[in-house]
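The structure appears right after this line, and notes come after that.
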Amino acid sequence: MLFGKKKTHKKDKTGKKTLLTDEEQANPSDGLQQPDYEKPRPRGITRFCKVRYYQKFFNVSTKEVVRRVLLAMMPFNTTPIFPNGKPDLYGPLWIYICLSICIVICGHFSNVMDFEFIDNHPPKLQYEAQMRKITKLWFMTSFYFFVVPLIIHGICFFFGSGSPGYQRTLAIYGYSFAIFIPATVILVPPIEYLRYATLGVAGFISLLFISKELMDAGKKYLEQKWVTAIAIMCAILHIIFCLMLKFYYFD
Amino acid sequence: MTDYPKELDQKIVLGNTNTGRSNPSYDPEKGRESLAKEEQEKFDTLTEPVCETIKRDLLMIWVKLTYVMVPRTMIKEKAKQLRDWDLWGPLVLCLLLSLCLSFSANTDDGTLVFQIVFIIVWAGAAIVAINGQLLGGNISFFQSVCVLGYCLFPLTVAAFVNMMFLQFVYFFIRVIVVGVAFIWSSYSSVGFIAEMVVPEKKGLAAFPVFLFYLFLSWFILL
């Protein structure tokens with residue numbers, strides 16, 4: 001799949017190779033062949049290096065992803081976000097990238113607006129300082145998206161009777177940050193109370209979504225004290241995230 | 001040094017006895033697929049003058065650029081053209097974009113800006129191409145990178161215009177120019193990228209492309 005070579009042979013169901021006719025070679029039937037994720041999965045130690053191993057996590061349609069993101073932004077009913085119990089990783093991955101990009105862009109715009117409307121100094125663009133900020137941002141979002149779900153999964157696995165799985169916690173945590181993308185856009189105007197209110201609401205909705213999704217898993221696998229410990233940890237981490245957004249990037 | 005006769009020279013290079021063959025006609029419009037299989041094997045660039053090779057490569061880049069930039073209704077034609085991928089066009093456009101942006105930045109940060117833009121273009125194109133493959137797409141990795149690279153052309157033009165003419169003009173006009181370039185780039189590339197996945201996943205494949213060009217547009221506006 002890397003170089004896009006022209007196919008000259010085809011395999012039938014028994015695996016026998018036959019030469020493609022000239023017509024078939026000239027007009028390859030794209031999209032009508034068996035999609036890659038329905039072919040037999042790769043096996044062996046090198047399976048993590050193959051794209052086909054990860055394709056099963058990306059098996060969603062546009063409508064489904066939009067539905068999940070909207071549900072994550074407004075978790076006010078009891079519909080579960082993953083109806084078949086199969087989480088996807090497309091949503092969390094692109095929410096992570098989109099959130100990083102939005103924070104960088106909106107942070108820059110809010111600095112520009114602060115200078116123009118409050119200080120009346122022309123903004124001096126220092127790339128070194130910006131790059132340091134962007135690196136710290138990257139570390140922070142990576143921590144929230146990849147390490148915190150791993151901690152939750154680890155606690156369930158080692159101190160409980162089972163675990164909902166790293167993939168599930170990763171997906172839930174990823175979708176919970178979807179509300180912060182419109183929040184960063186609203187954070188741009190230099191109005192202090194609006195910024196605090198937006199961050200408060202966003203953090204609250206995010207925590208509500210996480211608790212809604214992980215509550216029954218927590219009750220199933222863990223004792224009460226561990227559930228409260230995880231809840232307190234998540235709340236504190238979200239508060240730290242909101243404060244970092246406010247004071248470091250949108251100052 | 002004995003001078004080999006011309007026919008023997010060709011024999012040595014081409015490795016066959018049929019030296020009466022003239023230079024096979026390579027039509028960049030149709031690509032390598034138009035040559036018969038025999039001609040493809042004998043088609044080599046060792047015996048032709050260097051300026052002909054360069055002219056042919058430049059023509060190939062120009063043909064691809066016009067195919068990608070001018071909106072055409074027949075998507076199938078475009079898809080056939082781009083099966084013949086090459087990375088010269090994307091490299092040239094990326095270098096031009098990085099140079100324009102590094103000239104319009106402060107002199108201290110010129111190299112840093114160049115590095116950042118260069119890395120973002122190639123890493124971003126790679127991520128979008130891998131995303132397309134993960135969604136079950138059926139064009140190869142290098143074909144996606146080729147398409148995304150060629151669709152950088154409007155943004156390169158906008159960066160150039162920005163650097164030469166618009167340095168001291170209102171921010172609003174720069175936003176409009178870069179905005180138009182961004183919409184043109186996204187529209188050109190979304191047509192290809194969406195074609196390579198199943199219709200239900202078109203939006204999923206197109207969204208990263210949109211993000212990639214948005215980030216580059218913001219960089220031009222900085």
Side-chain angles (χ1 to χ4, degrees), chain A residues 1-8 25-39 50-66 88-91 93-95 97-102 104-106 108-109 112 116 123-131 134, chain B residues 32-33 37 76 79-80 82-85 102 105-106 108-113 115-116 120 124 127-146 171 194-208 210-212 214-219 221-222:
Chain A
M1 260 332 235
L2 205 59
F3 293 100
K5 285 196 201 146
K6 247 178 28 164
K7 283 204 174 139
T8 48
Q25 275 201 36
N27 305 315
S29 55
D30 300 326
L32 296 178
Q33 292 162 354
Q34 204 183 22
D36 271 344
Y37 45 81
E38 284 174 21
K39 291 186 190 149
K50 300 202 173 124
V51 168
R52 230 181 329 130
Y53 176 75
Y54 297 103
Q55 271 179 353
K56 61 176 188 260
F57 301 125
F58 285 75
N59 198 2
V60 277
S61 63
T62 315
K63 261 194 207 165
E64 181 61 28
V65 169
V66 169
D88 70 298
L89 289 184
Y90 177 90
L93 182 72
W94 284 103
I95 290 176
I97 294 178
C98 188
L99 184 67
S100 313
I101 290 179
C102 282
V104 166
I105 293 181
C106 296
H108 174 247
F109 276 135
V112 164
E116 294 205 0
K124 228 203 283 183
L125 188 58
Q126 293 136 344
Y127 279 98
E128 301 277 332
Q130 296 279 345
M131 282 307 293
I134 291 176
Chain B
R32 289 196 276 266
E33 294 172 2
K37 219 173 167 191
K76 282 241 180 282
K80 278 204 182 123
L82 282 166
R83 280 214 188 105
D84 220 7
W85 58 268
S102 78
N106 302 332
D108 300 339
D109 295 321
T111 33
L112 186 63
V113 173
Q115 291 163 3
I116 293 172
I120 286 175
I127 291 177
V128 175
I130 290 180
N131 178 64
Q133 288 217 306
L134 283 170
L135 287 172
N138 56 12
I139 73 175
S140 76
F141 175 81
F142 282 111
Q143 281 167 350
S144 318
V145 172
C146 170
F171 188 65
E195 206 210 33
M196 76 174 180
V197 290
V198 181
E200 297 99 56
K201 298 187 184 178
K202 265 193 196 172
L204 300 184
F207 176 68
F210 168 80
L211 265 187
F212 173 58
L214 182 74
F215 194 60
L216 281 177
S217 316
W218 169 71
F219 227 91
L221 278 175
L222 265 190

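To find a chain, count down the sequence lines: A is the first, B the second, and so on, and within it residues start at 1.
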How long is the straight-line distance from [atom2] of [Y] back to [atom1] of [X], given to the nearest 0.5 Å?
{"X": "B:Leu135", "Y": "A:Gln55", "atom1": "CG", "atom2": "CD", "result": "8.5 Å"}
{"X": "A:Phe57", "Y": "B:Leu134", "atom1": "CZ", "atom2": "CG", "result": "10.5 Å"}
{"X": "A:Tyr54", "Y": "B:Ile130", "atom1": "OH", "atom2": "CD1", "result": "11.0 Å"}
{"X": "B:Phe212", "Y": "A:Ile97", "atom1": "CZ", "atom2": "CD1", "result": "12.0 Å"}
{"X": "B:Leu204", "Y": "A:Lys63", "atom1": "CG", "atom2": "NZ", "result": "12.5 Å"}

Q: Tell me, please, which residues at least two apart from B:Phe215 pass ring-ring contact (aromatic ring centres under 6.0 Å, His included).
A: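 Once residues adjacent in sequence are excluded, the partners of B:Phe215 under the ring-ring contact (aromatic ring centres under 6.0 Å, His included) criterion are B:Trp218.
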
**Q.** Contacts of A:Phe58 that satisfy ring-ring contact (aromatic ring centres under 6.0 Å, His included) - sequence neighbours left out
**A.** none

Q: Answer with side chain, backbone, both or neither: which region of A:Tyr90 has an atom nearer than 4.5 Å to a non-hydrogen atom of chain B?
A: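 Just the side chain, heavy atoms under 4.5 Å.
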
Q: Could you look at A:Val66 and say if it's the side chain, the backbone, both or neither that has a heavy atom under 4.5 Å from chain B?
A: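 Neither part.
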
Would you call [X] and [Y] a side-chain contact if the rule is heavy atoms closer than 4.5 Å?
{"X": "B:Glu200", "Y": "A:Thr62", "answer": "no"}
{"X": "A:Asn59", "Y": "B:Lys201", "answer": "yes"}
{"X": "A:Trp94", "Y": "B:Leu211", "answer": "yes"}

Q | Largest heavy-atom contact set with chain A, pairs under 4.5 Å, which of B:Gly203, B:Ser144, B:Ala129, B:Ala205 | A |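 Top count of heavy-atom pairs under 4.5 Å with chain A: B:Gly203.
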
Q. Who wins among B:Val113, B:Leu221, B:Ile127 for the most heavy-atom pairs under 4.5 Å with chain A?
A.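 Between B:Val113, B:Leu221, B:Ile127, the count favours B:Val113.
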
